[in-house]
2 protein chains.
Amino acid sequence: MTNNMSADQITSLLRNRGITPTAQRLEIAELLFSRCEHLSAEDVFQLVNAGAQRVSKATVYNTLGLFAEHGLIREVIADPTKVFFDPNTTPHHHFFDISSGKLIDIPAEQVHIGALPEVPAGMQLEGVDVIVRVRRPGTV
Amino acid sequence: MTNNMSADQITSLLRNRGITPTAQRLEIAELLFSRCEHLSAEDVFQLVNAGAQRVSKATVYNTLGLFAEHGLIREVIADPTKVFFDPNTTPHHHFFDISSGKLIDIPAEQVHIGALPEVPAGMQLEGVDVIVRVRRPGTV
DNA sequence: TGAAACTATTAGAATAATTATAATTGTTAC
DNA sequence: GTAACAATTATAATTATTCTAATAGTTTCA
């Protein structure tokens, strides 16, 4: 699934969240929102620098962290070797295919959490992540 | 919570799973099952080598991986910076306190998953992990 | 306008977790 | 006792991520 957005649309997307739109941030945002895929920092680094390098690894991390902090994307922790960034911030969950290391969205309505335990005293609920680990038979 | 087990009990615990009990493995197992805590590889490395070093980092990783593979412990992926190892392998879920980086068990019966989506074609269900992220107010 | 003072952004270098490799030690079978 | 195999180790490499210094941008005020 791809989703074409104009540079202007992406610029105001950032502005609406209080993020100063710089060249690097626009490139990374464009990439995330046009692809609508689950990308790792490394994926973003490769894609944004396809051809000549223009954006450093550190900037990729800064930018992804900033976007996540401002609710533009969401971190998904399912793979011990890396964090994924999901441009879909609506409530939903994930299949994690341990054979391929890929994530697949699960629409929120397909997972029904009937009961949640009481949050420990003095703590604030931040979010609930459901990861359904699946595997292609015959693979490790 | 601590749980005292004799060296013999731990030895047969490993044997029952088809794991040859070596000195290093017994030390690590003893540590995991007496503490009943969520430990990272680094934690295990520190604890097992309190005093003089006897077990290398690589052996710690090998051993934890082996134990997990044989169902003696369970990997919990909640913190992007490291993997936790949980000696409790009964079905249950976790709070992850993002302020302190600590895990707290949630008994299985306190989380009720009413519906699960159909596993993608040709895939095999491996497990379902529910991570409830919580935070101490005022912390990042 | 123009430059000092400050803030925000970027990226090269450093760090931490983990894994791969190859050497070493221990065990088993005959 | 020794060949064949399995387990352990250390080193070093790799990968993901963060730190910090440097750069670019913005504001203040003379």
Side-chain angles (χ1 to χ4, degrees), chain A residues 10-11 14-15 17-31 38-49 52-70 72-86 96 98 101-103 140, chain B residues 11 14-15 17-31 38-49 52-70 72-73 75-86 96 98 101-103 140:
Chain A
I10 291 175
T11 301
L14 299 202
R15 282 234 168 77
R17 301 275 181 163
I19 299 171
T20 322
T22 66
Q24 287 91 334
R25 289 171 184 176
L26 287 171
E27 281 211 60
I28 292 172
E30 157 103 59
L31 208 143
H38 302 94
L39 299 174
S40 67
E42 178 65 26
D43 294 335
V44 172
F45 177 71
Q46 293 299 336
L47 287 165
V48 85
N49 289 322
Q53 174 181 331
R54 280 149 299 149
V55 183
S56 76
K57 207 71 156 295
T59 299
V60 169
Y61 274 94
N62 287 339
T63 303
L64 291 172
L66 191 75
F67 286 2
E69 211 176 294
H70 288 254
L72 214 57
I73 59 178
R74 178 176 143 190
E75 286 190 354
V76 183
I77 301 161
D79 183 337
T81 71
K82 59 177 167 290
V83 173
F84 286 101
F85 296 90
D86 188 348
F96 177 60
I98 50 184
K102 287 221 158 62
L103 285 174
V140 190
Chain B
T11 301
L14 299 202
R15 282 233 170 79
R17 301 278 182 164
I19 299 171
T20 322
T22 67
Q24 289 87 338
R25 288 172 184 174
L26 287 171
E27 281 212 60
I28 292 173
E30 156 105 57
L31 208 143
H38 303 93
L39 299 174
S40 68
E42 178 66 23
D43 294 336
V44 172
F45 178 70
Q46 294 298 336
L47 288 166
V48 87
N49 289 321
Q53 175 180 332
R54 281 149 298 149
V55 183
S56 78
K57 206 76 154 293
T59 300
V60 169
Y61 274 97
N62 286 341
T63 303
L64 291 171
L66 191 74
F67 286 2
E69 212 176 290
H70 289 255
L72 214 56
I73 58 177
E75 285 189 355
V76 183
I77 302 159
D79 183 336
T81 71
K82 61 177 166 290
V83 173
F84 285 100
F85 296 89
D86 189 347
F96 178 61
I98 49 185
K102 288 222 156 64
L103 284 173
V140 189

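Order of the sequence lines sets the chain letters (A, B, ...), proteins ahead of strands, with each chain counted from 1.
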Inset, instruction - Check every atom of C:dA17, C:dG12, D:dA16 against the side chain of A:E42 and return the nucleotide holding the closest atom. - result: D:dA16

Legend entry - Residue-phosphate contact under 4.0 Å: A:T63 side-chain N/O, C:dT9 OP1/OP2: no

Legend entry - Whether B:D86 side chain and B:V76 backbone form a donor-acceptor pair below 3.5 Å: no

Legend entry - Separation of atom CG in A:D79 from atom P in C:dA17, rounded to whole Å: 17 Å

Inset, instruction - Look at the side-chain N and O atoms of A:T20 and state whether any lies under 4.0 Å from the OP1 or OP2 oxygen of C:dT9. - result: yes

Legend entry - First encountered from the 5' end of DNA chain D, between A:A58 and B:V60: B:V60

Legend entry - Donor-acceptor side-chain pairing of B:S40 and B:D43 below 3.5 angstrom: yes

Inset, instruction - Would you indicate whether B:R15, at its atom CZ, is surrounded by more than 12 heavy atoms from other residues, nucleotides or ligands within a distance under 6.0 Å? - result: no

Legend entry - Smallest separation among heavy atoms of B:I77 and A:A78, with atom names: CD1-O, 3.7 Å

Legend entry - Presence of A:Y61 side-chain N/O under 4.0 Å of D:dT18 phosphate oxygens OP1/OP2: no

Legend entry - B:R25 side-chain N/O to D:dT8 phosphate OP1/OP2 under 4.0 Å: yes

Inset, instruction - Mind calculating the distance between CG (A:L26) and P (C:dT9) to the nearest angstrom? - result: 12 Å

Legend entry - Spacing between A:F45 atom CZ and D:dA16 atom C1', to the nearest angstrom: 13 Å

Legend entry - Nearest-Å distance for atom pair CD/C1', residues B:E27 and D:dT9: 15 Å

Inset, instruction - Give a yes or no on whether a salt bridge exists between A:R54 and A:E27, defined as a side-chain N under 4.0 angstrom from a carboxylate O. - result: yes

Legend entry - Atom-to-atom span, CD of B:E69 to P of C:dT19 - whole angstrom: 12 Å

Inset, instruction - Name the nucleic acid region contacted by B:S40, choosing base, sugar-phosphate or nothing; use a 4.0 angstrom heavy-atom cut-off, strictly under. - result: nothing

Legend entry - Given DNA chain D, 5'-ward residue of the pair B:P80 and B:T59, judged by closest heavy atom: B:T59

Legend entry - Atom-pair distance (NZ on B:K57; P on D:dA10), nearest Å: 12 Å

Legend entry - Interatomic distance where CG belongs to B:L39 and P belongs to C:dA17 [whole Å]: 14 Å

Inset, instruction - Take atom CD of A:Q24 and atom P of C:dG12, then tell me their distance rounded to the nearest Å. - result: 12 Å

Inset, instruction - Would you mind telling me which of C:dT18, D:dT17, C:dT10 lies closest to the side-chain atoms of A:T22? - result: C:dT10

